[in-house]
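A short write-up of the structure that comes next.
Note on naming: letters A, B, ... go to the chains in the order of the sequence lines (proteins, then strands), and numbering restarts at 1 for each one.
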Amino acid sequence: MEFIPRSEEEMELRRGAWTAEEDLVLMNYIALHGEGRWSSLARRAGLRRTGKSCRLRWLNYLRPDVRRGNITPEEQLLILELHSRWGNRWSKIAQYLPGRTDNEIKNYWRTRVQKHAKHLHCDVHSKQFKDVLRHLWIPRLVERIQATSGDSVVASAGAEAPTTCDGPMNAIPELAQVKMSPESSSTGGWSSVDSLG
DNA sequence: AAACGGGTCAACCGCGAGTTC
DNA sequence: AGAACTCGCGGTTGACCCGTT
């Protein structure tokens with residue numbers, strides 16, 4: 001079932017929010033032909049969208065394994081740790097959070113983390129803010145994780161490859177050091193940290 | 001009930017890297 | 001070799017939602 005655009009109108013590209021019908025067309029096409037080669041996929045599927053738009057819609061929304069909303073404390077901890085290591089390498093960070101997209105992680109960082117940096121009147125890249133993360137935010141997250149799952153988190157400090165689905169904390173062996181460092185006991189004083197979840 | 005403001009998130013844009021011809 | 005095309009990434013925007021006044 002191939003769609004060859006004939007008129008100017010048919011070739012005009014759509015933009016903005018995707019409709020349920022468009023989603024269905026894209027999902028059906030990918031189910032039959034697989035993903036990739038997005039520009040020709042868009043044409044052949046009969047979608048008046050750019051290949052870019054189709055790729056984004058599939059990766060961030062329609063993919064069967066995509067998870068949205070409710071970023072867990074474990075995932076937050078992992079994001080903070082990985083971001084401190086790699087900076088704004090969202091797609092790389094996303095590789096360690098199965099089902100999460102780079103877009104969602106980026107949004108989380110901008111709406112939650114940057115917001116708190118702003119409230120503290122410092123830059124997210126400043127030493128001051130990094131200290132706050134290490135000494136306040138991360139210990140709070142660790143406490144929350146331990147409170148909800150006993151000590152299993154700390155005990156899980158084994159090495160696992162990225163994309164493991166047993167929980168994101170398994171992905172980075174060194175994370176155990178962050179979680180278990182003596183200095184990580186809470187010093188309190190930054191009450192807004194509690195609202196980050 | 002309406003207006004307003006802030007937060008969230010889906011989607012677009014620009015650019016650089018990689019690939020194909 | 002290099003032009004044209006495609007893909008993927010990170011930054012940004014804008015629409016929508018929800019709480020507050």
Worksheet item: Nearest to the side chain of Trp18(A) - dC7(C), dA11(B), dG10(C)?
Response: dA11(B)
Worksheet item: Over how many whole Å does the gap from Arg63(A) atom CZ to dA10(B) atom C1' extend?
Response: 15 Å
Worksheet entry | Value rounded to 0.5 Å, distance of CD in Glu35(A) from CG in Leu59(A) | 6.5 Å
Discussion item. Rounded to whole Å, how long is the line connecting atom CG of Leu56(A) with atom C1' of dC9(B)?
Written reply: 12 Å
Worksheet item: Under 4.0 Å: is that the gap between some side-chain N or O of Arg49(A) and OP1 or OP2 of dA11(B)?
Response: no
Worksheet item: Hey, is the side chain of Trp90(A) poking within less than 4.0 Å of OP1 or OP2 on dG8(C), counting only N and O atoms?
Response: no
Worksheet item: So what does Ser53(A) hit on the nucleic acid, given a heavy-atom distance under 4.0 Å: a base, only sugar-phosphate, or nothing?
Response: sugar-phosphate
Worksheet item: Just checking Asn107(A): base, sugar-phosphate only, or nothing, at a heavy-atom cut-off of under 4.0 Å?
Response: base
Worksheet item: Taking only N and O in the side chain of Ser40(A), is any of them less than 4.0 Å away from OP1 or OP2 of dT6(C)?
Response: no
Item to complete: Ignoring backbone atoms, test whether Ser91(A) places a side-chain nitrogen or oxygen under 4.0 Å from the OP1 or OP2 oxygen of dG8(C).
Response: no
Worksheet, complete the sentence: Taking dT8(B), dT6(C), dC7(C) as options, the one with an atom nearest any side-chain atom of Arg43(A) is dT6(C)
Discussion item. Whether Trp109(A) contacts dG10(C) is assessed here as follows: a side-chain N or O lying under 4.0 Å from the phosphate OP1 or OP2. Is that the case?
Written reply: no
Discussion item. Can you say whether a donor on the side chain of Asn103(A) sits under 3.5 Å from an acceptor on the base of dA11(B), or the other way round?
Written reply: yes
Worksheet item: For the pair made of NZ in Lys106(A) and C1' in dG11(C), what is the distance, rounded to whole Å?
Response: 6 Å
Worksheet, complete the sentence: Taking every heavy atom of Thr101(A) against every heavy atom of Ala94(A), the minimum-distance pair comes out as C-CB, 3.9 Å
Worksheet item: Could Arg57(A) and Glu22(A) be called an ion pair, given the rule that one side-chain N must be under 4.0 Å from one carboxylate O?
Response: no
Discussion item. Without decimals, in angstroms, what is the distance between Lys52(A) NZ and dC13(B) C1'?
Written reply: 6 Å
Worksheet item: When rounded to the nearest 0.5 angstrom, what is the spacing between CD in Glu104(A) and CG in Asn60(A)?
Response: 8.5 Å
Worksheet item: Which part of the nucleic acid, if any, lies within reach of Gly51(A) when heavy atoms closer than 4.0 Å are counted: base, sugar-phosphate only, or nothing?
Response: nothing
Worksheet item: dA11(B) P sits how many Å from Arg110(A) CZ, rounded?
Response: 18 Å
Discussion item. Between Ser39(A) and dC7(C), is there a contact of a side-chain N or O with OP1 or OP2 at under 4.0 Å?
Written reply: yes
Discussion item. Base of dG10(C), side chain of Lys92(A) - is there a donor-acceptor contact under 3.5 Å?
Written reply: no
Fill in: Atom-pair distance (CD1 on Ile71(A); C1' on dC9(B)), nearest Å
11 Å
Practice prompt. Using whole Å, report how far CD of Gln114(A) lies from P of dG10(C).
Written response: 14 Å
Worksheet, complete the sentence: Given the options Arg144(A), Arg67(A), Arg112(A), Glu75(A) meets salt bridge (charged side-chain N to carboxylate O under 4.0 Å, His left out) only with Arg67(A)
Discussion item. To the nearest 0.5 Å, what is the distance between CH2 on Trp109(A) and CG on Leu80(A)?
Written reply: 5.5 Å
Worksheet item: Out of dC12(B), dC7(C), dT8(B), which has the shortest distance to the side chain of Arg15(A)?
Response: dC12(B)
Worksheet item: How long is the line joining CG of Leu62(A) and C1' of dA11(B), in whole Å?
Response: 13 Å
Worksheet item: Taking OP1 and OP2 of dG8(C), is either one under 4.0 Å from a side-chain nitrogen or oxygen of Arg55(A)?
Response: yes
Worksheet entry | Any Arg57(A) side-chain nitrogen or oxygen under 4.0 Å from OP1 or OP2 of dC12(B) | no
